[in-house]
Protein chains: 2
Amino acid sequence: MKNNVASAVRQYPCERCPLQSFPHFQRHEKDEVEFLSEFKMGELVADIGTTVLGEGASSAHLFTVLSGWAFRYKTLEDGRRQILNYVLPGDLIGLQGSVMKEMQHSVEALSPMVLCVFQRDRLPNLFRNFPSIAYDITWLASREEQMLDEILLSVGRRSALERAAYLFAFIFQRAKSVGMVKNDKLMVPLRQQHVADTLGLSIVHTNKTLKKLATKGALRWLDRGCEVLDNQILLDISKWQGLPSTPRPYV
Amino acid sequence: MKNNVASAVRQYPCERCPLQSFPHFQRHEKDEVEFLSEFKMGELVADIGTTVLGEGASSAHLFTVLSGWAFRYKTLEDGRRQILNYVLPGDLIGLQGSVMKEMQHSVEALSPMVLCVFQRDRLPNLFRNFPSIAYDITWLASREEQMLDEILLSVGRRSALERAAYLFAFIFQRAKSVGMVKNDKLMVPLRQQHVADTLGLSIVHTNKTLKKLATKGALRWLDRGCEVLDNQILLDISKWQGLPSTPRPYV
DNA sequence: TGATCGATATGTCTTAGTTAAATGACAACC
DNA sequence: GGTTGTCATTTAACTAAGACATATCGATCA
């Protein structure tokens, strides 16, 4: 996909890019809006299952997510896969490919997605001219690190049941923070294989573990995905307080 | 420790701060050097076992490591601990506490350390005035994320033996890149408890696993710590190619 | 109406890893 | 010289998770 991004992009500035929800835009710094709309290439639609960014790729683009779900993952040579984190609206992807030489992980769409596309070679220029956006990008990178810390703690030290409960509580909270939760319930578009590869378990054991969670009324498994029914049960099982709210500070 | 940093800091600008090895300094941009020496508070010595930064703390400081080892970790309420990553000379710590509200992990010294101390509330100012340093900081954050991705893959999907081999190969490579490796051998100041908490294993099983690695001639256990003897054996066992070199690009 | 396929479910057996408890080695300290 | 404390090591009993085989279930399509 990396080669046909340019042609697939719809060439108009998108009005609702996540970067525009950042603090400096709320302060109506108009020149930054103008710069951003120059920096921005347009929108891109990715279908379910698409590899938005591939490991080893030296993509010329940086993306923000307007809508849809994706996941970041890495694999070992023999095919064992580890899902690293999930990507939700408002997230930035491809920063590593922009700032380092190339991507060391892949990103795959879990649902149809709409992405905002940026040219990565303008990133240094963006840093030079718009330090508040640079600060926001650092905030995003720092938050990603914080999430990875949590996930690593979970995979390393929680039991299978705690891990599964933590995963869905974690996703629930993230989805809630971007307004994807209605009536305190949430559809998560995952296969059990995804869950297994996130938790570091076999698919069989994952199935048994999910069944336990379902028995307790925390969630229920559907056609293609699972529905979180009671987040409090998940929090109790995982012994997790939830992520602290970390409002992005003004620069 | 967070309260006595200010008094413990030796109040002179340090000449060999890691930030000064960054690209913009190599281009001799003198005003940046001047700004940095104003931004810098001085040096701090931390003894072995010291908690440099504590979870939940809202430290007023940001550190770069001049010398010594440390590790980042998180714990669950019941005491289970997960070591997230190791901190080596050249690394930046406390960014999360600067950019988010507070630290979500702790950092503890594994050996006597010398740190460079910065005031975190000047960070936005630094971003505004010195975008190339901002870019370097983003580079560091991105590299940390890349390392966490690798570690998560390892803990989630590698066997105990592969994980242990990976850990020491990983540390070896990082240490080599900052010139800490002599004669292709390296002393790593870890207890087996640290190794266990890094790999997500019990200390008993860690002991057995390390014994296997020792039998294969990859490493040997000493008084307080372990010596990496043959990195190639570790790489073979862990099926790891090593981190790609990712030179920090000029802005 | 089957036929086929991918995903989920479940039972049995095996194994990798845990827990607990005892022991040894070594250094620090009166 | 004896006491204490911290790590490392080893054993044995136990259990969580994996492997494999097989069954079910629901789409889709001829």
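Labels below follow one simple rule: chain letters A, B, ... track the order of the sequence lines, proteins then strands, and each chain is numbered from 1.
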| note | Rounded to whole Å, CZ of A:Arg80 lies from P of D:dG18 at a distance of 13 Å
| said: Quick check on D:dA8: is either OP1 or OP2 less than 4.0 Å from any side-chain nitrogen or oxygen of B:Asn207? | reply: no
| said: Using a heavy-atom cut-off of 4.0 Å across all strands, would you classify B:Ile203 as base, sugar-phosphate, or nothing? | reply: nothing
| Among C:dG17, D:dA17, D:dC7, which is the nearest nucleotide to the side chain of B:Arg191? | D:dC7
| Can you tell me if A:Arg158 uses its side chain to pair, donor with acceptor, with the backbone of A:Ser238 under 3.5 Å? | yes
| N/O (side chain, B:Gln192) to phosphate O (OP1/OP2, D:dT9) under 4.0 Å | yes
| At what distance, to the nearest 0.5 angstrom, does OG1 of B:Thr206 lie from CG of B:Leu201? | 4.5 Å
| Spacing of B:Leu88 atom CG and B:Met113 atom CE [to the nearest 0.5 Å] | 8.5 Å
| query | Reckon B:Lys211 touches a base, only the sugar-phosphate, or nothing at all at heavy-atom distances under 4.0 Å? | reply | sugar-phosphate
| Reckon B:Gly225 touches a base, only the sugar-phosphate, or nothing at all at heavy-atom distances under 4.0 Å? | nothing
| remark: From the list B:Gln82, B:Glu144, B:Glu108, side chain to side chain donor-acceptor pair (under 3.5 Å) with B:Arg72 holds only for B:Glu144
| To the nearest Å, how far apart are B:Arg157 CZ and D:dG18 C1'? | 11 Å
| task | Take the protein atom CH2 of A:Trp221 and the nucleotide atom C1' of D:dC25, then report the distance between them rounded to whole Å. | result | 16 Å
| request: Take the protein atom CG of B:Leu210 and the nucleotide atom C1' of D:dC7, then report the distance between them rounded to whole Å. | output: 13 Å
| remark: Whichever of A:Leu222 and B:Thr209 has the more 5' nearest nucleotide on DNA chain C, that residue is A:Leu222
| Distance in angstrom units between A:Glu162 CD and D:dA17 C1', rounded | 15 Å
| task | Look at the side chain of A:Val204 and decide which nucleotide, out of D:dA8, C:dT10, C:dG17, has an atom nearest to it. | result | C:dT10
| field | Spacing between A:Leu161 atom CG and D:dT15 atom C1', to the nearest angstrom | value | 15 Å
| Nucleotide of D:dT11, D:dA8, C:dT8 approaching B:Lys208 most closely (side-chain heavy atoms) | D:dT11
| query | A:Leu219 has an atom CG; how far is it from atom P of C:dT8, in whole Å? | reply | 13 Å
| Considering only C:dA9, D:dA17, C:dT19, which nucleotide approaches the side chain of B:Ser202 most closely? | C:dT19
| note | note: A:His205, atom NE2; C:dG17, atom C1'; distance rounded to Å ~ 13 Å
| How about B:Phe118 and B:His61: are their ring centres within less than 6.0 Å of each other? | no
